[in-house]
Amino acid sequence: MIRITAVGNLVAGAIALGVPVAAAASSARQVAALPAHTIIHYRTAKIDGVDIFYREAGPKDAPTVLLLHGFPSSSFQYRNLIPALADRYHVIAPDYPGFGHSSAPDHKMFAYTFAHFTDVTEALLARIGVSRYTIYLQDYGAPVGLRLALRHPDRVTGLIVQNGNAYRDGIQDFWKPVERLWADPTPTNRNALRKVLTPEMTRWQYLNGSKDPSRVDPDTWLHDQALLDRPGNDEIQLDLFNDYRTNVSMYPEFQSYFRTRKPPTLIVWGENDEIFPVAGATAYLRDNPNAELHLLQSGHFALEDSAGEIIPLIREFLGRTLPPR
């Protein structure tokens with residue numbers, strides 16, 4: 001009886017091509033399985049009637065790191081960070097409704113609010129069986145993650161803040177058109193924000209402030225723009241721009257959480273960011289002086305061009321603040 005194995009297939013192919021069998025067998029022996037932590041699973045769960053996509057990697061019995069994405073991106077922004085952490089940690093990166101590979105129901109049928117995003121994220125974690133986590137906060141991920149922290153402070157093992165705002169100090173010139181919408185939600189003020197959804201602005205968000213634009217993968221803005229351009233997605237994003245005011249109103253609650261709980265906090269911030277300027281980073285130290293702050297010569301999506309600096313800082317921080325597996 002002949003058993004066909006991976007090596008057997010290579011050897012059989014070698015014979016057919018006239019390659020010496022010994023050489024083919026030697027090549028087969030050199031093929032090694034990929035390290036387990038580089039394997040990312042792409043999953044979907046039905047939450048609140050909506051398909052929620054998430055990336056998952058690492059051992060499930062290890063401490064969990066929850067990666068919450070910003071606008072206009074998705075869990076795609078963590079495609080390089082996930083395998084860099086998954087050798088020691090259980091890593092989860094979901095897409096909010098209307099983003100990435102998650103469902104995007106019509107905005108008239110589904111409430112696109114940060115409170116609802118928090119509900120969905122909380123339910124997803126419960127479905128997966130995750131009850132404790134360090135949260136990576138970036139852009140929209142900050143209000144979602146901090147709302148989670150307010151609901152369940154005992155579940156949060158730490159915060160990693162990367163250009164994720166929680167202070168009025170970080171709401172400056174970029175936000176003036178949005179603030180006009182908050183003050184007067186007319187169709188004119190709403191439509192004025194459509195320019196933020198254009199290819200030029202999506203590309204700008206990635207490249208502005210970068211110390212070396214050649215290190216920023218152009219797939220990032222092309223990927224995001226393709227999703228922004230889906231029919232009806234513009235209205236979803238405009239609803240979220242308007243609802244962001246509810247996050248600002250919660251800043252005092254977030255700050256009280258920092259003061260009273262003092263969660264272990266690592267701040268890695270692209271200091272050239274015009275969306276959330278550096279004043280929003282240093283403000284964290286007012287309420288949690290033990291927070292660790294690192295300013296990088298980068299912009300809003302600092303992980304794109306400064307991963308070589310950020311990842312070692314994260315690994316050192318997690319190694320110091322989380323129990324070993």
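Both backbone and side-chain heavy atoms feed into the values below; hydrogens, waters and symmetry mates do not.
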Subject >> Side chains of Ile92 and Leu67 in contact at under 4.5 Å (non-hydrogen atoms) >> reply: no
**OP:** Answer yes or no for Arg320 and Phe317: cation-pi contact, defined as NZ/CZ to six-membered ring centre under 6.0 Å and angle to ring axis within 45°.
**Re:** no
Original post:
Which heavy atom in Leu68 sits nearest to a heavy atom in Tyr78, and how many Å separate them?
Top reply: O-OH, 2.8 Å
Original post:
So among Tyr96, Tyr140, Phe71, which one has a ring pair (Phe, Tyr, Trp, His ring centres under 6.0 Å) with Phe117?
Top reply: Tyr96
Original post:
Where is the tightest heavy-atom contact between Thr282 and Ala279, given as atom of each residue plus distance?
Top reply: OG1-O, 3.3 Å
**OP:** Begin from the C-alpha positions of Asp51 and Thr44 and carry the test side-chain hydrogen bond (donor to acceptor under 3.5 Å, both in side chains) through to its verdict.
**Re:** CA-CA 6 Å; Asp51 288 333; Thr44 302; over 6 Å; no
Original post:
Under 4.5 Å between any side-chain heavy atoms of Arg261 and Tyr257, yes or no?
Top reply: yes
**OP:** Determine, for Trp182 and Arg245, whether the Lys NZ or Arg CZ falls below 6.0 Å from the six-membered ring centre while staying within 45 degrees of the axis.
**Re:** no
Original post:
Checking side-chain contact (heavy atoms from CB on, under 4.5 Å) for the pair Ile40/Glu56: CA distance, chi angles, key distance, verdict?
Top reply: CA-CA 6 Å; Ile40 301 174; Glu56 182 175 21; over 6 Å; no
Original post:
Between Tyr244 and Tyr167, is there a shared hydrophobic cluster once you connect ILVMFWY residues whose side-chain heavy atoms come closer than 4.5 Å?
Top reply: yes
Original post:
Of the non-hydrogen atoms in Ser75 and Phe53, which two are nearest, and what is the gap between them?
Top reply: OG-CE2, 3.7 Å
**OP:** Check the pair His300, Glu274 against side-chain hydrogen bond (donor to acceptor under 3.5 Å, both in side chains), reporting the backbone distance first and the verdict last.
**Re:** CA-CA 7 Å; His300 190 62; Glu274 292 185 37; over 6 Å; no
Original post:
How far apart are the closest heavy atoms of Asn163 and Gly299, and which atoms are they?
Top reply: ND2-O, 3.7 Å
**OP:** Run the numbers on Arg147 and Asp119 for salt bridge (Lys or Arg N to Asp or Glu O under 4.0 Å), then give the verdict.
**Re:** CA-CA 9 Å; Arg147 286 169 185 260; Asp119 294 341; over 6 Å; no
Original post:
How about Leu148 and Leu125: do any of their side-chain heavy atoms sit closer than 4.5 Å?
Top reply: yes
Original post:
Of the non-hydrogen atoms in Ser298 and Asp305, which two are nearest, and what is the gap between them?
Top reply: OG-OD1, 2.6 Å
Subject >> Residue that, paired with Glu235, satisfies salt bridge (Lys or Arg N to Asp or Glu O under 4.0 Å) out of Arg230, Lys108, Arg190 >> reply: Arg190
Original post:
Name the one of Trp269, Trp175, Phe174 that satisfies ring pair (Phe, Tyr, Trp, His ring centres under 6.0 Å) with Phe276?
Top reply: Trp175
**OP:** Mind running ring pair (Phe, Tyr, Trp, His ring centres under 6.0 Å) on Phe258 and Tyr284 for me, showing each step along the way?
**Re:** CA-CA 8 Å; Phe258 303 147; Tyr284 279 88; 5.2 Å; yes
Original post:
Is there a donor-acceptor contact under 3.5 Å linking the side chains of Glu122 and His152?
Top reply: yes
**OP:** Say whether Tyr136 and Gln162, considering side chains only, have a donor N or O and an acceptor N or O under 3.5 Å apart.
**Re:** yes
